[in-house]
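See structure below.
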Amino acid sequence: MVEHRPLGNALTHLILILGVALVLFPVYVAIVASTQGPGEFLRGTLPLLPGGHALDNYRLMWESGLSRSSAPPAGQMLWNSLIMALAITIGKLTISLLSAFAIVYFRFPFRLFFFWLIFITLMLPVEVRIIPTFRVVADLGMLNSFAGLSIPLIASATATFLFRQFFMTVPEEMLEAARVDGAGPFKFFKDILLPLSITNIAALFVIMFIYGWNQYLWPLLITTDPDYYTIVMGIQSMTADEGNTPWHLVMAAVVMAALPPVLVILCMQRLFVKGLTETEK
Amino acid sequence: MARLKLEGLKKTYAGDVQAVKGIDLDVADGEFVVLVGPSGCGKSTLLRMVAGLESITEGELTIGERKVNDLEPAQRDIAMVFQNYALYPHMTVYDNLAYGLKNRGFKRDEIERRVREAARMLEIEEFLPRKPRQLSGGQRQRVAMGRALVREPEVFLFDEPLSNLDAKLRVQMRVEIKQLQRRLKTTSLYVTHDQLEAMTLGDRLVVLNGGRIEQVGTPMEIYARPASIFVATFIGSPAMNLIPVAYLKERGNGLLDDLPPDTDLVGIRPDDLRIQPPDAPHLVVESTLELFEAAGAESHLYVRLAGSDQPSVIRTAGQSPVAEGETLRFHVVREALHPFNSASGKRTV
């Protein structure tokens, strides 16, 4: 749009600013709340200006956590979350890249059948299959372990489907040229397909990481040992003590929990832009 | 460098679709053979069978002394230039050229030497650090050629490598490919649907139609003595005129009496329809000029023969002697007639 209408411009900006404010205000409140002292929340009004206890609150949460509600230190829970989210993300990407590669480039019996089999699992999110999955994980003795936290969430129909669609747009000649150049299937996968998929991988990395990071129900079910608590479920347990919740400390944990996904997005965004401007099939 | 031998090659796809129906061809060491034909004639399939990208249903393929039917493309010692270049977009030109050598376990300095050598030959040295997307179509074409060149293979295979270039560049690259092949003396098989490209590039042409060979010969042999109506109309532009013998005989010309009895159609090249009467004995045919087309160095006169609906085209160097809609008389000498039988589609003499 190249129109220049001052009034229209002002109006659009106003609407956009209102929209941004609406989204950002709760985030701002959370940050401000995490800087208050213990007494502030008891007065019944929400303070809108930062208080002076930021360092104390964050240090307390990072190092010792809320022992009253049996929540371990936030540092440890963040670490647990990070391991779980990364395991899920990397596992999902590896498995879906390999299965998409198989489905697109290899001719084996019932190829389409297997593709559709993978595809219909899209209809079965964790919550639907949670009881049988729990049973399987429990029988395998994976309760209270990182394997139990991540492995059942690794299979991904979405990523497989997206990679399949992408692989199908890679010209057939690319494979043929690689064959003439003496590259076997895995060399082709490693040298040609992976570098070409890098933008897709980056995009899915972000989505999958946030998906893994935000898991709540699953860790809640299979961890009883505080050593394996993740931050998202840990925050919930901090508020269990109704009426007595130390909101300034909980908010500090919330802010810390929100940071890693933001960081992942910021890092991967650079890759997005690079990929969008440089990749060409 | 090697001899390439195709014996009874057949390709049948699922559902009993026959794409290639038995091809015998012997390409001598260092020879440049062009496979030419309309789309769907099986020429690309045949090339891909030689490359190893399509399996061979029946027959035997020999490169050098080896039977290669069941070998992977990489083991056949061939290099292929693809129609859309198929360069690896994420690699630099240097890496594109080096990739095949790396996979074959060449030493780093040997790779370097060969890539520099090929780049120098194709004048793409300055592009070596660039990515394919930073190159123009012609430059990409050179890189694709370079990728084949560095391998120093026994056989080069070209799959319509020039069809994505504009007309001017196509002519330029055509000349360069020819010169390069002359210099390297590598046995080459080249697929095209462009008859001009075929004529100018090949030591020998193989005209394919419907999965079969129609004719094999040097470009001039094929142009001067097409073995079938298909070849006659496919090679040469504008296409050869086909006129029923009965029509010409009606015009009372004893010149046609020595044609074999089964001849019912004669082909005449557009250049052999003369507006000036020649000294030798000739036919005279009247026609109406329908359209005059000036193409610079030559002109095309589209005519309709008098007393018939038969369209024909005359190629001449000069301007049209008559206006559109007027009567034009043209002359044909006996030697310019190509006798055919329309039922068998074959040449009769």
Tell me, for [X] versus chain A, whether the close heavy atoms (under 4.5 Å) come from the side chain, the backbone, both or neither.
{"X": "B/Ala79", "value": "backbone"}
{"X": "B/Arg48", "value": "side chain"}
{"X": "B/Phe82", "value": "side chain"}

Problem - Heavy-atom donor-acceptor pair, B/Arg151 side chain to A/Val180 backbone, under 3.5 Å - result: yes
Practice task
Without swapping roles, check the side chain of B/Arg104 against the backbone of A/Asp181 for a donor-acceptor pair under 3.5 Å.
Solution key: yes
I'd like to know whether [atom1] of [X] has more than 12 heavy-atom contacts from other residues, nucleotides or ligands below 6.0 angstrom.
{"X": "A/Arg129", "atom1": "CZ", "result": "yes"}
{"X": "B/Glu110", "atom1": "CD", "result": "yes"}
{"X": "A/Phe186", "atom1": "CZ", "result": "no"}
{"X": "B/Glu125", "atom1": "CD", "result": "yes"}
{"X": "A/Phe110", "atom1": "CZ", "result": "no"}

Exercise for the section: Under 4.5 Å, counting heavy-atom pairs only, tell me which of B/Leu157, B/Asn103, B/Leu87, B/Leu101 racks up the most with chain A. Expected result: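 Result: the option with the highest number of such pairs is B/Asn103.
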Practice task
Could you please spell out the steps behind the side chain to side chain contact (heavy atoms under 4.5 Å, CB included) verdict for B/Met80 and A/Glu176?
Solution key: CA-CA 9 Å; B/Met80 186 151 167; A/Glu176 292 173 348; 5.8 Å; no
Heavy-atom pair of closest approach, residues [X] and [Y]:
{"X": "B/Tyr99", "Y": "A/Ala183", "value": "OH-CB, 3.5 Å"}
{"X": "A/Arg179", "Y": "B/Gly52", "value": "NH2-O, 3.4 Å"}
{"X": "A/Asp191", "Y": "B/Met91", "value": "O-CE, 4.0 Å"}

Practice task
Kindly indicate whether the side chain of A/Ile198, heavy atoms from C-beta on, has any atom under 4.5 Å from the side chain of B/His90.
Solution key: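 They are not in side-chain contact.
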Problem - Sub-4.5 Å side-chain heavy-atom contact between A/Met174 and B/Pro89 - result: yes
